[in-house]
Amino acid sequence: MADNPFVEFHERYGNNWPLLVEEVFGKVPDEDQKEVLIAVQNGERRISIRSGHGRGKTTVLVWCIVCTMMTRVPFRIVATAPTSTQLFDVLAADTKALIQELPEKWREVFDPKSESVTHKGNPAKCYLS
């Protein structure tokens, strides 16, 4: 198992999503975003973010989605938004864009479609819709 790069990846980032965002996504979360990443990584389910326009709420949500997909198997993620524009033109588009920026070994794991993303190895139990 030690030769499996995914095991090493999980050991480093599975419980350190801010580090994953910095080292794998190449992004620097602010303190509020780090707080959200840690809360979601630790399994908190009732998280509320109060802030104005342009504060990175969608960005941190995209990071949480992709971190979940990379570190939690199985995963079943169902995303909703107040409008279809927010859901498809922003959240889904940004999620797919981040997946396309991942290292090649990770891009090969996921199958992004117009309204979903699945894990190629287990699409019935690992999906975002």
Side-chain angles (χ1 to χ4, degrees):
M1 282 297 236
D3 293 335
N4 184 332
F6 294 105
V7 170
E8 183 178 316
F9 180 92
H10 192 270
E11 288 172 356
R12 181 163 179 83
Y13 302 115
N15 291 308
N16 195 342
W17 289 6
L19 186 64
L20 191 159
V21 168
E22 289 180 27
E23 292 185 356
V24 179
F25 300 169
K27 312 294 183 186
V28 180
D30 65 25
E31 290 305 313
D32 292 334
Q33 290 171 324
K34 284 182 184 178
E35 186 178 328
V36 172
L37 286 163
I38 291 167
V40 175
Q41 124 199 329
N42 290 337
E44 293 183 33
R45 294 291 175 250
R46 295 184 177 262
I47 301 167
S48 175
I49 304 171
R50 268 183 23 191
S51 74
H53 181 73
R55 291 279 301 132
K57 297 181 300 293
T58 300
T59 298
V60 76
L61 181 56
V62 168
W63 292 344
C64 287
I65 289 169
V66 179
C67 285
T68 298
M69 293 169 53
M70 295 174 79
T71 64
R72 305 294 189 261
V73 174
F75 63 85
R76 293 181 183 139
I77 304 168
V78 177
T80 63
T83 69
S84 63
T85 298
Q86 289 172 315
L87 185 60
F88 296 109
D89 296 348
V90 181
L91 184 62
D94 289 357
T95 300
K96 290 175 192 172
L98 181 56
I99 290 169
Q100 293 305 314
E101 294 173 10
L102 292 175
E104 184 178 354
K105 69 179 179 184
W106 280 106
R107 287 193 312 267
E108 294 173 355
V109 169
F110 301 114
D111 185 17
K113 296 194 166 81
S114 62
E115 294 187 14
S116 67
V117 178
T118 58
H119 186 295
K120 290 179 182 176
N122 193 352
K125 292 188 178 179
C126 300
Y127 59 85
L128 160 67
S129 67

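Computation of the quantities below employed the complete heavy-atom set of this structure, encompassing side-chain atoms and omitting hydrogens, waters and symmetry-equivalent molecules.
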Participant: How are the rings of W106 and F110 set relative to one another: parallel (under 30°), tilted (30 to 60°) or perpendicular (over 60°)?
Facilitator: parallel
Participant: Suppose the criterion is side chain to side chain donor-acceptor pair (under 3.5 Å): which pairs have a residue in residues 112-123, not counting sequence neighbours?
Facilitator: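 Those involving residues 112-123 are D111-K113.
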Participant: Check ring-ring contact (aromatic ring centres under 6.0 Å, His included) between Y127 and all other residues, then give those that pass, not counting sequence neighbours.
Facilitator: none
Participant: Give a yes or no answer on whether the side chain of N42 reaches the backbone of E44 with a donor-acceptor pair at less than 3.5 Å.
Facilitator: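 Between the backbone of E44 and the side chain of N42 there is no qualifying donor-acceptor contact (under 3.5 Å).
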Participant: Check whether I99 and F88 end up in the same hydrophobic cluster, where Ile, Leu, Val, Met, Phe, Trp and Tyr are linked by side-chain heavy atoms less than 4.5 Å apart.
Facilitator: yes
Participant: With sequence neighbours left out, what residues match K96 under salt bridge (charged side-chain N to carboxylate O under 4.0 Å, His left out)?
Facilitator: none
Participant: Sequence neighbours excluded, which residues qualify as ring-ring contact (aromatic ring centres under 6.0 Å, His included) partners of F75?
Facilitator: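 Checked F75 against ring-ring contact (aromatic ring centres under 6.0 Å, His included); zero matches.
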Participant: Could you check whether any side-chain N or O of R12 sits under 3.5 Å from a backbone N or O of L20, counting only pairs where one atom can act as donor and the other as acceptor?
Facilitator: no
Participant: Can any side-chain N or O of Q33 pair as donor or acceptor with the backbone N or O of D30 at less than 3.5 Å?
Facilitator: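 Indeed, once roles are kept as given, a pair shorter than 3.5 Å links the two residues.
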Participant: Are I47 and L128 joined in one hydrophobic group, where the rule is that I, L, V, M, F, W and Y side chains link up if heavy atoms are under 4.5 Å apart?
Facilitator: yes
Participant: How would you list, by chain and number, every residue that makes a salt bridge (charged side-chain N to carboxylate O under 4.0 Å, His left out) with E31, sequence neighbours excluded?
Facilitator: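 If we apply the salt bridge (charged side-chain N to carboxylate O under 4.0 Å, His left out) test to E31, skipping adjacent residues, the hits are K34.
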Participant: Checking side chain to side chain contact (heavy atoms under 4.5 Å, CB included) for the pair V90/D94: CA distance, chi angles, key distance, verdict?
Facilitator: CA-CA 6 Å; V90 181; D94 289 357; 3.9 Å; yes
Participant: Do you reckon I38 sits in the same ILVMFWY cluster as V66, going by side-chain contacts under 4.5 Å, direct or chained?
Facilitator: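 No: no chain of side-chain contacts under 4.5 Å links I38 to V66.
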Participant: Only one of T68, V73, V109 passes side chain to side chain contact (heavy atoms under 4.5 Å, CB included) with C126; say which it is.
Facilitator: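 Passing option: V73.
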Participant: Could you pull out the closest heavy-atom pair between R76 and A124, with the gap in Å?
Facilitator: NE-O, 4.2 Å
Participant: Should Y13 and M70 count as side-chain neighbours, where that means a heavy-atom distance under 4.5 Å?
Facilitator: no
Participant: At their closest point, which heavy atom of Q41 faces which heavy atom of N15, and how far apart are they?
Facilitator: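 Here Q41 and N15 meet closest at NE2-O, 3.1 Å.
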Participant: List the residues meeting salt bridge (charged side-chain N to carboxylate O under 4.0 Å, His left out) with E35, not counting sequence neighbours, and say none if there are none.
Facilitator: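 Expected list: none.
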